[in-house]
Amino acid sequence: MNVQVFKSAEQMGKAAAAMFAAQVIKKPESVLGLATGSTPLPVYANLIEMHKDGLLDFSKVISFNLDEYCGLAQTHDQSYYYFMRENLFKHINIRKEAIHVPSGTADAEAESAAYEKAICAAGGIDLQILGLGLNGHIGFNEPADDFAKVTHKVRLTESTIEANKRFFASADEVPREAITMGVGTIMAAREIIIAATGAGKAEAVAKLVKGEVTPQFPASVLQMHGCVTVMLDEAAAGLL
Ligand code: F6R
């Protein structure tokens with residue numbers, strides 16, 4: 001794994017955005033894999049700035065997000081679709097029909113199969129960004145006995161509900177299920193950036209980089225991928 005440590009989350013954001021920019025400049029019709037959560041926000045802010053400065057054209061880009069809460073419509077202000085629209089899509093010139101976020105309201109089984117097909121039809125993901133869950137989850141692939149291969153419906157763990165309740169009025173309002181790309185879907189991306197910032201992530205980062213490869217800490221599987229960049233601020237790199 002290529003581990004890169006930056007002074008701050010802002011600097012990490014600039015550097016990861018530069019990797020996305022290089023990808024889109026090199027291949028304007030790139031297929032980008034995107035994540036929600038706090039970690040990629042500085043990345044998206046920098047991509048928006050580069051687009052506004054006339055440096056980046058997203059008109060041919062196709063995107064696939066990792067996951068979505070079950071039961072939330074695209075218009076719900078806590079849905080991941082809404083998050084992506086507010087924090088990236090509405091500020092750049094990506095085509096609406098090129099945006100893919102799994103539907104949280106469709107039949108999960110049919111939606112999962114259709115999502116896998118759509119990624120395949122687009123030619124696979126060129127560059128995927130991931131955040132890191134405290135328990136090692138990537139997308140909503142929670143610790144389990146096996147690595148999930150494809151897009152599927154999951155039950156969220158208490159630790160994830162606890163971590164995500166900050167965005168809802170109370171923990172009771174956090175949906176209990178989600179639809180997520182599988183670990184196999186993620187591992188099929190040609191290149192992956194996994195980003196983590198803040199001291200709270202330091203232990204998870206150490207397991208990601210130096211721990212045993214096990215489905216009990218799903219992100220550890222990235223050690224087996226040939227093209228992964230781990231992008232950290234100094235606090236998140238504290239235990240390396
Ligand atoms: C988001 C996602 C999650 C987050 C992870 C870290 O689409 O799939 O795996 O990346 O929970 O979240 P933050 O960045 O908020 O710490």
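Both counts, for ligands and for their atoms, begin at 1 and track the order of listing. Given the structure is predicted, the values throughout are model-derived calculations rather than measurements.
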Engineer: Among all the protein's non-hydrogen atoms, which is closest to atom 6 (C) of ligand 1, and how far away is it?
Structural biologist: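 Scanning the protein heavy atoms, the shortest distance from atom 6 (C) of ligand 1 goes to L132 O, 3.6 Å.
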Engineer: Note the single closest protein heavy atom to atom 10 (O) of ligand 1, along with its residue, its atom name and the distance in Å.
Structural biologist: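 The protein heavy atom lying closest is G131 CA, 3.2 Å.
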Engineer: Would you say E116 and T185 are linked by a side-chain donor-acceptor pair, where the criterion is simply a distance under 3.5 Å?
Structural biologist: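 Yes, a side-chain donor-acceptor pair sits under 3.5 Å.
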Engineer: Which atoms of ligand 1 sit under 4.0 Å from any heavy atom of R166?
Structural biologist: 15 (O)
Engineer: Show which atoms of ligand 1 fall inside a sub-4.0 Å distance from at least one heavy-atom site of L66.
Structural biologist: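 Answer for ligand 1: 8 (O).
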Engineer: What protein heavy atom sits nearest atom 11 (O) of ligand 1, and how far away is it?
Structural biologist: H137 NE2, 2.7 Å
Engineer: Checking contacts here: is it the side chain or the backbone of M181 that comes within 4.0 Å of ligand 1, counting heavy atoms only? Could be both or neither.
Structural biologist: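 No part of M181 is near ligand 1 at this cut-off.
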Engineer: Quick check: do Q23 and K27 have side-chain heavy atoms less than 4.5 Å from each other?
Structural biologist: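 Yes, their side chains come closer than 4.5 Å.
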Engineer: May I ask you to test the L134-S159 pair for a side-chain heavy-atom distance under 4.5 Å?
Structural biologist: no
Engineer: Give the residue and atom name of whichever protein heavy atom lies nearest to atom 2 (C) of ligand 1, and the separation in Å to one decimal.
Structural biologist: D67 OD2, 3.3 Å
Engineer: Using atom types as modelled and distance alone, determine if a side-chain donor or acceptor of Q216 lies under 3.5 Å from a backbone N or O of A144.
Structural biologist: yes
Engineer: Are any non-hydrogen side-chain atoms of M50 and I25 less than 4.5 angstrom apart?
Structural biologist: no
Engineer: What's the shortest distance from atom 15 (O) of ligand 1 to any protein heavy atom, and which residue and atom give it?
Structural biologist: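 In this structure, atom 15 (O) of ligand 1 has S38 N, 2.9 Å as its nearest protein heavy atom.
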Engineer: Determine, using heavy atoms of E142 and all atoms of ligand 1, whether some pair is separated by less than 4.0 Å.
Structural biologist: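 Under 4.0 Å: no for E142.
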Engineer: Taking the six-membered ring for Trp, are H100 and F64 parallel (under 30°), tilted (30 to 60°) or perpendicular (over 60°)?
Structural biologist: parallel
Engineer: For the pair K90 and E86, find out whether any cationic side-chain nitrogen is under 4.0 Å from an anionic carboxylate oxygen.
Structural biologist: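 E86 and K90: salt-bridged.
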Engineer: What protein heavy atom sits nearest atom 3 (C) of ligand 1, and how far off is it?
Structural biologist: G139 O, 3.6 Å
Engineer: Indicate the ring-plane relationship of F168 and Y69, choosing parallel, tilted or perpendicular according to the 30° and 60° boundaries.
Structural biologist: perpendicular
Engineer: Quick one about Q74 and S79 (side-chain donor to acceptor, distance below 3.5 Å, no hydrogens or angles considered), yes or no?
Structural biologist: no
Engineer: What's the shortest distance from atom 14 (O) of ligand 1 to any protein heavy atom, and which residue and atom give it?
Structural biologist: T39 OG1, 2.4 Å
Engineer: Of all the atoms in ligand 1, which lie at a distance below 4.0 Å from a heavy atom belonging to G37?
Structural biologist: 14 (O), 15 (O)
Engineer: If you have a sec, work out which protein heavy atom is nearest atom 1 (C) of ligand 1 and how many Å separate them, to one decimal?
Structural biologist: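 I find the closest protein heavy atom is T36 OG1, 3.1 Å.
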